[in-house]
Amino acid sequence: MNMHPRRHTRSAKGRAISTRAAAIRRCRFALALIAALIALPGCRSGAPPPQFPPGAMVLKLAAISDVPTLDPAAGYDVDSWMFEQMIFDTLIRYSDAGVDLVPDLATAWESSPDSTVFTFHLRRDARFTNGRIVTSADFKYAIERVLDPATRSKGMEYYRAIAGAEDFAAHRAKSVAGIETPDAWTMVFHLIVPDPIFLQKLAMPFAAAVPREAVEKWGDDFSRHVVGSGPFMLKEWIGGQRIVLVKNPGYFVKGSPHLDAVVEAIGVSEDLQWFKFEAGEIDVSNIPPAVFPYVMKTPRLRDLTLRIVTVTTRYMGMNCQMPPFTDERVRRALNYAVNKPKLIAVLNGRGIVANGVMPPGLPGYAPGLSGYPYDPARARELLEQAGLGHGFAATLWMPADQTMMILGQSIQQDLDLVGVRLRLKAVAFAPFLEAVRQPRTVPLFFMGWEADFPDPANFLDVLLSRHQWGANNDTFFSDPRVDALLAEAAPLSDLARRYALYREAERIIVADAPWVFLYYPITYEIQQPWVHGYVLNPMRPARLEKVWLSPHPAS
Amino acid sequence: MKFRPNAMEAVGALMVLSLVLVAILAPWLAPYDPTRAVANTFGDPAAPSRMYPLGTDQLGRDVLSRIIFGARISLTVGVAAMAVTMTIGVTIGLTAGFFGGALDFALMRFTDVMLTLPALLLAMAFVAVLQPSILSILLVIGLVSWTQIARVVRAEALSMTQRDFVVAACALGAPSARLIVRHVMPNVMPIIVVMAVLGTSGTLLLDAGLSFLTLGVPPPTPSWGRMIEEATTYFRVAPWLAIFPGLAIFYAVLGFNLLGYGFLRRRARAASAL
């Protein structure tokens, strides 16, 4: 998914923040103070917070805005996914700290060599919290629900390759013929085209088992009355105030989860979250940019931080249809002209210099790429060759955000040294995404891409192939050699060969340079010393079933 | 009569004069280029030192040089915006005060409506539509801050029209234009000057506020408001990044205010001496 400048982690909601003007964010501090005053004990309004017996292990979190949804068919953002993966189970999921697949409700699975048939064997002891055993029919129902146009699920596209999916979606069939449930514990998927990353698609929360009786009972209100089989269950969700999850005593993994409850306070600004963290009122928090340097310079706090290189690439796109960026020499010149190690320093080390499209942590990542070192002399030479020795002016579009503006100024300084005069144009996130999609509109832009699933196709195909023009290929880059390689690699399940083809495509892309390859971001969170077992995942929200708390002052 | 400045006027004038000099002589006074990195302090702003008396920021730029060059933008925008403000305010005020009647009523109710709108919000809306540039910003500031001046000028003009010399000129058949330009205007001039000087501190602040909200003059042009905005990230580890441009704004606003109140006091004295 397109990445908002502030990675939409648990509390920094991508959508919510993105629609606000940067100006409003500047007033955050004042608002935080006002909010702090209003929240003083005694003047608190609304329902009383839930009481837990003394000694209960309750993880306390805070977020800016409400969770968009808890319905797995609807959620397609990090905040919804965080809670959905606590409440529901998929057949397979990602490991706690990595992007490798591990069993969830399936105990074993097989795939045919040509990646068109996938068979799963389910565990027999998993129950929904309404008491009913989870069977293969529940998974089939969940996927059919996503495929049903009436559900309007954004996950639809991922399951269209299942045989009979199109017929079902067009109401020509009562069920999806390509999903077989020979018995309650076996599931077979038949695909019409080979899809080596089908397993990854089944690991998305869209494919989580949901009980038909509850979905049909509540209809559109299912999101507020979710019933799942996961480690936690929904206890209370007061819109705009808090969401409370409690331990599912019937969870199939014995002794899990450790926590008795998770309470997330909603409507807590990023700065107020920080004050609450410092006061010991919340257990895990994001680190707002405004305190990051302070945290890193304070050993007591620095030791509490968690760090993860996300499966994300940040780049400056150059529109290959707009002169002078139609000229490959100009695009390469800009790559040499931008001082990337300086950007990393300006980010206080929250990034790794990017040498290519694929970030480390993505299976298929090519560690050998040399990219473009900082070499202004070489940049001037290339501009000279392109007939632009006297330089030129261009406009860099970016989402309105303080960090982006600082990075923009850093690049502005660098390009000034090779005669390129940069104008910086900050735009709110939603119109920004709209603008870059228009042909011949945005010459230069900051962009980021965070993996939806761990495969090179999710970067190379989505961002740089001809058929994504006007969708996600915002540079309007096209190279027949690249398109041919991508088409050849897509159906291959032989990983060595698959990755080799993708790396070849990436090598050509790096040489053609439709992007200035900037950096792979590093995300930081901070936890209280009494939090244990909290592990960040490079691609998904952290899972909480292994988290436990030692006795602490606030408990 | 010999001109003897009072203390407020003297101090204010000196402060404003020093600012003007700094702005004019910026290229010679500033030790470094304000837009280039001069020190390797990327992401780690450096404290004041002998080489960089006010430190360097997270992009390696010299804070002192940026403050010195920032004076140019602040003064240019502040004074030019005041000129726009004055043009609008004086025109409306004089017209309303001199002609009175329905015109006066219409213009003043319009002014009242404008007064109810918060200037900063209105300015933000205008800038968002117009795209930030020096010209758009000084126009916008002018457009949102003329109301007070219009009211004061109207009141003065109104009282002038009752004075004998104006009535006399009118009786002699002088046309309105001549009455306004030759008789009313010169007599409201002192209050206009006072309002202009006092108002400049307001336009300076508004400019700084817009810059702080990233709606000011776009980078790389250094501006005080944006310097403070960019410093918020480092406020807990490098507070000087925000403090020095803050002091610069304080100095400029104080200078114009002292000068303006000095003038005001002189007027009050002159009035009580009559």
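Chain A is the first sequence line, chain B the second, and so forth, proteins listed ahead of strands; every chain is numbered from 1.
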Parallel, tilted or perpendicular: ring planes of Tyr32(B) versus Tyr52(B), cut at 30 and 60 degrees: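 If you compare the ring of Tyr32(B) with that of Tyr52(B), the planes turn out tilted.
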Contacting region of Leu347(A) [heavy-atom separation from chain B under 4.5 Å]: neither
With Leu120(B), which residues qualify under side-chain contact (heavy atoms from CB on, under 4.5 Å), at least two apart?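 Per chain and number, Leu120(B) pairs via side-chain contact (heavy atoms from CB on, under 4.5 Å) with Met124(B), Leu206(B), Leu210(B), Leu213(B).
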Which of Arg36(B), Arg236(B), Glu230(B) touches chain A most, by non-hydrogen pairs under 4.5 Å: Arg236(B)
Tell me, out of Asp44(B), Leu59(B), Val237(B), who's got the most heavy-atom pairs with chain A below 4.5 Å.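 If we count pairs closer than 4.5 Å to chain A, Leu59(B) comes out on top.
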Is there a side-chain contact (heavy atoms from CB on, under 4.5 Å) between Ile282(A) and Gln273(A) once you walk through the steps? CA-CA 8 Å; Ile282(A) 56 177; Gln273(A) 278 174 46; 4.2 Å; yes
Are any non-hydrogen side-chain atoms of Leu444(A) and Leu422(A) less than 4.5 angstrom apart? yes
Donor + acceptor pair across side chains of Gln413(A), Thr35(B) (<3.5 Å): no
Donor-acceptor pair between Glu270(A) and Trp274(A) side chains, under 3.5 angstrom: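 On atom types as modelled, these side chains do not qualify, holding no pair under 3.5 Å.
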Arg437(A): what forms a salt bridge (charged side-chain N to carboxylate O under 4.0 Å, His left out) with it, not counting sequence neighbours?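 Arg437(A) satisfies salt bridge (charged side-chain N to carboxylate O under 4.0 Å, His left out) with Asp474(A) only.
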Under the rule for ring-ring contact (aromatic ring centres under 6.0 Å, His included), what residues qualify as partners of Phe235(B), not counting sequence neighbours? none
Which one of Val291(A), Val346(A), Leu417(A) has the most heavy-atom pairs closer than 4.5 Å to chain B?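 Highest number of pairs under 4.5 Å: Val346(A).
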Using a heavy-atom distance cut-off of less than 4.5 Å, which residues of residues 292-305 of chain A contact chain B? Pro293(A), Tyr294(A), Lys297(A)
